[in-house]
Amino acid sequence: MLNVTDLVVNYGAIQAVKKVSFEIHTGEIVTLIGANGAGKSTILQTISGIMRPKSGQMTYLGQPIQKTSAPKIVQAGISQVPEGRHIFPGLSVQENLQMGAFLRKDRSAIKQAYADVYQYFPVLKQRRHQDAATLSGGEQQMLAMGRALMAAPKLMLLDEPSMGLAPIFINEIFEIIKAINAAGTTVLLIEQNAKKALSIADRGYVLASGHIKLSGTGQDLLANQAVQQAYLGG
Ligand code: ATP
């Protein structure tokens with residue numbers, strides 16, 4: 001579904017991503033794990049069309065996308081759930097969700113999307129008229145995921161969904177990621193919580209200082225000694 005080859009991304013003179021290659025097959029959950037500053041977010045931003053690669057290729061469903069604009073990427077079926085949620089305060093929960101569907105025209109499909117989102121996240125339905133800023137951190141993460149789902153993505157990019165959440169919310173969010181995937185959405189998950197991410201991932205890549213150091217199935221990486229020492233607390 002997505003093939004990334006020799007991707008290089010710079011911030012001025014800083015090379016954040018150094019010839020990274022990976023692939024995501026339709027239906028998979030793939031995770032990129034790695035420490036702070038490894039380049040994970042930069043890769044997501046580049047897939048989303050927010051940042052431009054210095055060099056390398058990205059193909060999505062067989063089409064090159066390295067020059068495609070961010071709105072066109074969304075229209076093509078790739079939605080990002082950004083780190084830190086970035087919900088719109090001052091707008092209700094429902095209005096935030098509506099923003100996720102802003103490129104869609106089919107009203108009955110949009111109606112169905114609300115129903116799907118409210119099924120995944122019943123709390124959002126309860127709070128649909130509430131200002132989004134009044135939601136807890138976990139609920140804001142749900143809203144950010146719901147907003148991405150409103151675009152009916154084929155591929156969902158999740159940037160640190162567990163960040164700053166209480167353990168009970170983390171478990172719930174990961175269960176919902178599995179459910180969204182089981183319903184047909186392919187997932188690319190960026191996480192510092194490597195244990196959780198690998199435990200739900202079909203495959204994973206370990207990123208360090210802008211390079212891919214290791215790759216394998218989620219289970220293989222969980223069992224890998226070097227991964228355990230570096231990322232799973234020994
Ligand atoms: P984090 O979990 O902290 O977001 P990450 O693995 O997602 O880490 P990136 O945010 O992609 O890593 O950062 C990769 C490298 O690029 C780091 O060295 C970081 O300092 C640098 N970097 C990130 N954003 C900028 C920026 N806006 N300007 C300059 N350098 C940046």
Side-chain angles (χ1 to χ4, degrees), residues 2-24 28-58 60 65-66 68-70 73 78-87 137-138 140-141 144-145 147-148 153 155-167 169-170 173-174 177 186-201 203-216 218 221-222 224 226-233:
L2 182 77
N3 282 70
V4 173
T5 311
D6 293 335
L7 187 70
V8 176
V9 191
N10 293 349
Y11 294 94
I14 301 169
Q15 206 173 60
V17 177
K18 303 166 187 167
K19 283 209 155 207
V20 161
S21 301
F22 66 94
E23 60 194 23
I24 303 172
E28 282 187 314
I29 299 180
V30 172
T31 186
L32 300 181
I33 62 166
N36 251 335
K40 306 181 298 294
S41 296
T42 305
I43 292 173
L44 275 207
Q45 304 282 76
T46 309
I47 297 169
S48 301
I50 296 164
M51 289 198 64
R52 289 281 170 231
K54 170 95 171 116
S55 59
Q57 287 85 44
M58 298 187 293
Y60 168 68
I65 56 163
Q66 59 267 16
T68 308
S69 69
I73 294 279
I78 301 179
S79 282
Q80 184 172 355
V81 183
E83 182 175 340
R85 348 292 189 213
H86 295 283
I87 56 127
Q140 290 192 11
Q141 180 60 45
M145 289 169 68
R147 185 180 55 194
L155 173 62
M156 194 166 179
L157 312 176
L158 286 154
D159 197 347
E160 303 272 1
S162 77
M163 193 170 60
L165 300 187
F169 271 129
I170 296 181
I173 292 289
F174 276 87
I177 294 169
T186 305
V187 172
L188 176 58
L189 169 65
I190 303 281
E191 260 298 339
Q192 284 197 49
N193 190 335
K195 196 170 189 173
K196 271 281 175 200
L198 291 172
S199 70
I200 67 160
R203 292 185 305 108
Y205 293 86
V206 180
L207 205 67
S209 309
H211 291 287
I212 290 188
K213 296 279 180 201
L214 270 175
S215 63
L221 290 174
L222 268 179
N224 181 293
V227 173
Q228 286 182 1
Q229 271 165 13
Y231 304 103
L232 305 176

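Please read these numbers as outputs of a predicted model, since none were measured by experiment. First listed ligand is number 1; within each ligand, the first listed atom is number 1.
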Item to check | Residue and atom name of the nearest protein heavy atom (relative to atom 26 (C) of ligand 1), distance in Å to one decimal | outcome: Tyr11 CD2, 3.3 Å
Checklist entry - Which of the atoms of ligand 1 are close to Thr42, meaning less than 4.0 Å from one of its heavy atoms? => result 9 (P), 11 (O), 13 (O), 14 (C)
Checklist outcome for this item: Taking only non-hydrogen atoms of Glu160 and a 4.0 Å limit, the atoms of ligand 1 in range are 2 (O)
Next on the checklist: Using 0.5 Å steps for rounding, measure from the NZ atom of Lys54 to the OH atom of Tyr11.
Outcome noted: 15.5 Å
Checklist entry - Is the closest N or O pair between Gly37 and ligand 1 shorter than 3.5 Å? => result yes
Checklist outcome for this item: In this structure, CD1 of Ile65 is separated from OG of Ser48 (nearest 0.5 Å) by 8.5 Å
Checklist outcome for this item: Residues passing the salt bridge (Lys or Arg N to Asp or Glu O under 4.0 Å) test with Glu83, sequence neighbours excluded, are none
Next on the checklist: Any side-chain to backbone donor/acceptor pair from Ser79 onto Met156? Under 3.5 Å, distance only.
Outcome noted: no
Next on the checklist: Out of Gln45, Glu191, Met51, Lys40, who is nearest to atom 6 (O) of ligand 1 when you count heavy atoms only?
Outcome noted: Lys40
Item to check | Any donor-acceptor N/O pair, Tyr205 side chain to Val30 backbone, under 3.5 Å | outcome: no
Checklist entry - Does Gly39 come within less than 4.0 Å of ligand 1, judged by its heavy atoms? => result yes
Checklist entry - Judged by non-hydrogen atoms, does Ala35 sit under 4.0 Å from ligand 1? => result yes
Next on the checklist: Under 4.0 Å, counting heavy atoms only: does Glu83 come that close to any atom of ligand 1?
Outcome noted: yes
Next on the checklist: If the cut-off is 4.0 Å to any non-hydrogen atom of Ala38, which atoms of ligand 1 fall inside it?
Outcome noted: 5 (P), 6 (O), 12 (O)
Item to check | atom 10 (O) of ligand 1: nearest protein contact (heavy atom, Å) | outcome: Ser41 CB, 3.8 Å
Next on the checklist: Is there a side-chain contact between Thr31 and Leu198 in this structure, where contact means two heavy atoms from C-beta onward sitting under 4.5 Å apart?
Outcome noted: yes
Checklist entry - OG of Ser215 to CG of Leu207: how many Å apart, nearest 0.5 Å? => result 11.5 Å
Checklist entry - Got Ile47 and Tyr60 here, is their nearest side-chain heavy-atom distance under 4.5 Å? => result no
Checklist entry - Does atom 29 (C) of ligand 1 have a protein non-hydrogen atom under 4.0 Å from it? => result yes
Item to check | Asn3 versus Gln57, side-chain donor and acceptor atoms under 3.5 Å | outcome: no
Next on the checklist: Looking at Glu191 and Ser162, would you say the former's side chain and the latter's main chain have a donor-acceptor pair under 3.5 Å?
Outcome noted: yes
Next on the checklist: Evaluate Ala16 for polar contact with ligand 1, using N/O atom pairs at a separation under 3.5 Å.
Outcome noted: no
Item to check | Proximal atoms of ligand 1 relative to Asn36 (non-hydrogen, under 4.0 Å) | outcome: 1 (P), 2 (O), 3 (O), 8 (O)
Item to check | Gln192 neighbourhood, listing ligand 1 atoms whose heavy-atom distance to it stays under 4.0 Å | outcome: 2 (O)
Checklist entry - Does the protein put any heavy atom within less than 4.0 Å of atom 13 (O) of ligand 1? => result yes
